[in-house]
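When reading the values below, keep in mind they use all heavy atoms of this one structure, side chains included, and skip hydrogens, waters and symmetry mates.
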Amino acid sequence: MVALIAVPGDTPASAPSARPPPIPKPGPLAQPRSSRQVGLPNDKTLAVIPPDNPQSPGKIALGQELFFDGRLSVDGTVACATCHDPQRAFTDGRPTSIGVQGRSGQRNAPTVLNALYNATQFWDGRAKTLEDQAALPIANPVEMGQPDLEAAVASLAALPEYQQAFQAVFGRPPNGKDLVAALASYERTLTSFDSPFDRFLAGDDQAIDAAAKRGWVLFNDRARCNKCHALPDETPDLTNFKDDDFHNIGVLIVRHHVVPLARQAEKLIDSGNAVDVDRAAIGTDMSALGRFLLTKKEPDIASFKTPGLRNVLVTAPYFHDGSHPTLWDVLDHYNKGAGPRDPWLDQDIQPLGLQESELDDLVAFMASLTSDVYRAQGAEELARQRALSRTNRPYRDLRRAFGRRPTKSP
């Protein structure tokens with residue numbers, strides 16, 4: 001891995017860039033969520049609990065304590081909650097996250113909310129389960145910085161409170177397998193529904209406004225959002241609005257020069273080594289290769305997992321690299337069709353020709369997917385993004401969106 005971190009053209013992700021933010025405190029938004037939320041699929045929720053890691057109150061409580069404990073990191077400054085802050089819908093509000101000693105990675109922190117329903121974890125799907133996901137950041141030098149998972153266990157094993165908690169929950173001293181099992185159990189309680197759109201689907205026609213209703217129609221029609229966000233006509237899936245698949249949507253692919261990166265990756269990464277792939281994804285410019293880091297298949301170059309859309313308003317900035325600050329920026333990217341210089345571009349990415357008022361309606365629909373517990377944050381964030389969108393639109397390209405320059409700005 002020394003050679004991997006030092007390849008020419010790498011961003012020095014291991015170099016300090018800023019201090020990690022203070023570890024959040026586990027307030028009300030960190031508590032396990034009720035199963036009585038409007039829109040919560042109870043059958044699916046029960047089905048994704050693995051038989052070898054059943055839920056229990058003690059295990060969930062232990063997992064929550066671990067989630068907010070900086071002592072999992074090598075210097076005590078970073079916890080899981082550092083990148084997954086409950087006040088920010090379990091994201092961190094940064095383009096890319098900051099780990100121990102101010103080291104900055106190259107991926108945007110996805111929300112943990114509703115992650116229990118994911119078929120795979122991380123932007124490139126390099127972990128199959130929440131247990132697998134929980135282990136990797138602990139031993140990543142750019143994130144929590146421990147040499148390995150057992151080093152983190154050793155830092156906790158001498159503490160009486162953890163000795164007692166692990167013994168009570170698992171019947172044995174602290175160990176790596178049980179540590180990640182507890183973290184995963186807590187994360188499986190972080191369901192988030194109860195949005196205005198859920199109430200609309202349940203029959204309350206007044207739950208969302210006319211703009212959101214128009215946005216919902218556009219979402220399934222001319223805007224083509226449903227092509228990736230899991231809404232086939234036959235079996236619509238409204239749990240997370242995603243297809244659990246990977247797509248190259250053309251985000252900044254030219255800037256990253258992915259062809260030489262792919263050649264380096266072929267030589268330097270054993271696709272069966274989860275630790276190597278994890279370190280390349282977080283700590284080097286090879287992050288831009290996405291799913292290719294795992295599969296080594298050319299069509300997977302720069303392909304990333306479709307993110308869910310619930311609470312998307314309060315999880316800015318957007319895309320795998322956090323490069324797009326607002327939902328209007330995201331829609332501008334899709335509206336112009338990404339561009340022709342990406343030979344692996346998904347076939348569904350094409351110019352949309354949507355007017356400005358239609359982009360506003362799509363944002364209104366996405367805002368209606370905000371859970372009630374984030375209502376205040378959502379209102380504040382919508383105002384912030386709307387104001388920014390009226391003055392700064394770096395990804396807007398009307399010529400490409402419409403195939404010709406309109407006579408006047410929409």
Side-chain angles (χ1 to χ4, degrees), residues 13-14 16-32 53 56-88 90-92 94 97-105 107 109 112 115 121-122 127 130-190 274-275 278-279 282-283:
S14 59
S17 62
R19 291 181 179 274
I23 297 172
K25 301 296 182 184
L29 289 173
Q31 301 309 308
N53 190 17
S56 73
K59 192 188 299 182
I60 292 166
L62 174 58
Q64 181 174 345
E65 187 172 354
L66 289 164
F67 193 88
F68 289 87
D69 197 333
R71 290 173 294 188
L72 278 180
S73 66
V74 71
D75 61 4
T77 62
V78 172
C80 303
T82 302
C83 299
H84 303 287
D85 183 349
Q87 292 291 331
R88 295 181 174 273
F90 288 84
T91 62
D92 61 7
R94 298 175 181 269
S97 297
I98 295 175
V100 293
Q101 300 173 17
R103 295 171 178 170
S104 180
R107 294 273 174 91
V112 180
Q121 306 296 332
F122 295 120
L130 285 173
E131 286 81 1
D132 294 338
Q133 183 278 325
L136 288 172
I138 293 171
N140 189 297
V142 179
E143 296 181 285
M144 301 175 85
Q146 292 280 14
D148 50 40
L149 180 60
E150 295 311 315
V153 172
S155 69
L156 303 180
L159 303 173
E161 62 268 33
Y162 279 123
Q163 292 173 3
Q164 295 167 12
F166 275 83
Q167 194 66 42
V169 172
F170 297 105
R172 51 186 176 244
N175 62 85
K177 182 177 184 294
D178 293 343
L179 186 150
V180 297
L183 283 169
S185 290
Y186 167 61
E187 291 175 350
R188 290 191 176 99
T189 71
L190 300 177
V275 172
D278 186 65
R279 294 186 178 192
I282 299 299

If I compare all heavy atoms of [X] with all of [Y], which pair ends up nearest, and what's the gap?
X      : Y     : answer
Ile98  : Cys83 : O-SG, 4.4 Å
Tyr186 : Ile60 : CB-O, 3.7 Å
Ala79  : Ile23 : CB-CG2, 3.8 Å
Pro86  : Ala30 : CG-CB, 3.8 Å

With distance as the sole test, does Gln121 use its side chain to make a donor-acceptor pair with the main-chain N or O of Ala115 at under 3.5 Å?
->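 Confirmed, Gln121 side chain pairs with Ala115 backbone.
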
Supply the atom-to-atom distance Glu143 CD to Cys80 SG, rounded to the nearest 0.5 angstrom.
->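 Here the rounded value is 10.0 Å.
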
Would you give the length of the straight line joining atom CZ of Phe166 to atom CG of Leu62, rounded to the nearest 0.5 angstrom?
->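 Separation between the atoms: 4.5 Å.
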
Taking the side chain as C-beta and beyond, is there a heavy-atom pair between [X] and [Y] under 4.5 Å?
X      : Y      : result
Lys177 : Phe170 : no
Gln64  : Pro26  : yes
Leu72  : Gln146 : no
Ser104 : Arg94  : no
Asp92  : Asp85  : no
Leu29  : Phe90  : no

Give every residue pair that meets the salt bridge (charged side-chain N to carboxylate O under 4.0 Å, His left out) criterion with at least one member in residues 58-71, sequence neighbours excluded.
->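 As it turns out, the salt bridge (charged side-chain N to carboxylate O under 4.0 Å, His left out) pairs with a partner in residues 58-71, which skip direct neighbours, are Asp69-Arg71, Arg71-Glu161.
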
Return the set of residues passing side chain to side chain contact (heavy atoms under 4.5 Å, CB included) with [X] (not counting sequence neighbours), or none when no residue passes.
X      : result
Arg188 : Ile49, Pro50, Asn53, Gln55, Leu116, Leu130, Glu131, Ala184
Asp75  : Ser73, Thr77, Val100, Gln101
Glu150 : Asp148, Val153

Salt bridge (Lys or Arg N to Asp or Glu O under 4.0 Å) against Asp178, all qualifying residues, sequence neighbours excluded |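 Asp178 satisfies salt bridge (Lys or Arg N to Asp or Glu O under 4.0 Å) with Arg172 only.
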
Gln133/Glu187 under side chain to side chain contact (heavy atoms under 4.5 Å, CB included): CA gap, chis, key distance, verdict = CA-CA 11 Å; Gln133 183 278 325; Glu187 291 175 350; 3.8 Å; yes

Side-chain atoms of residues 135-142: list all donor-acceptor pairs with protein atoms under 3.5 Å, sequence neighbours left out, distances to 0.1 Å.
from   : atom 1 : to     : atom 2 : distance (Å)
Asn140 : OD1    : Val142 : N      : 2.9
Asn140 : ND2    : Asp278 : O      : 3.4
Asn140 : ND2    : Asp278 : OD2    : 2.8

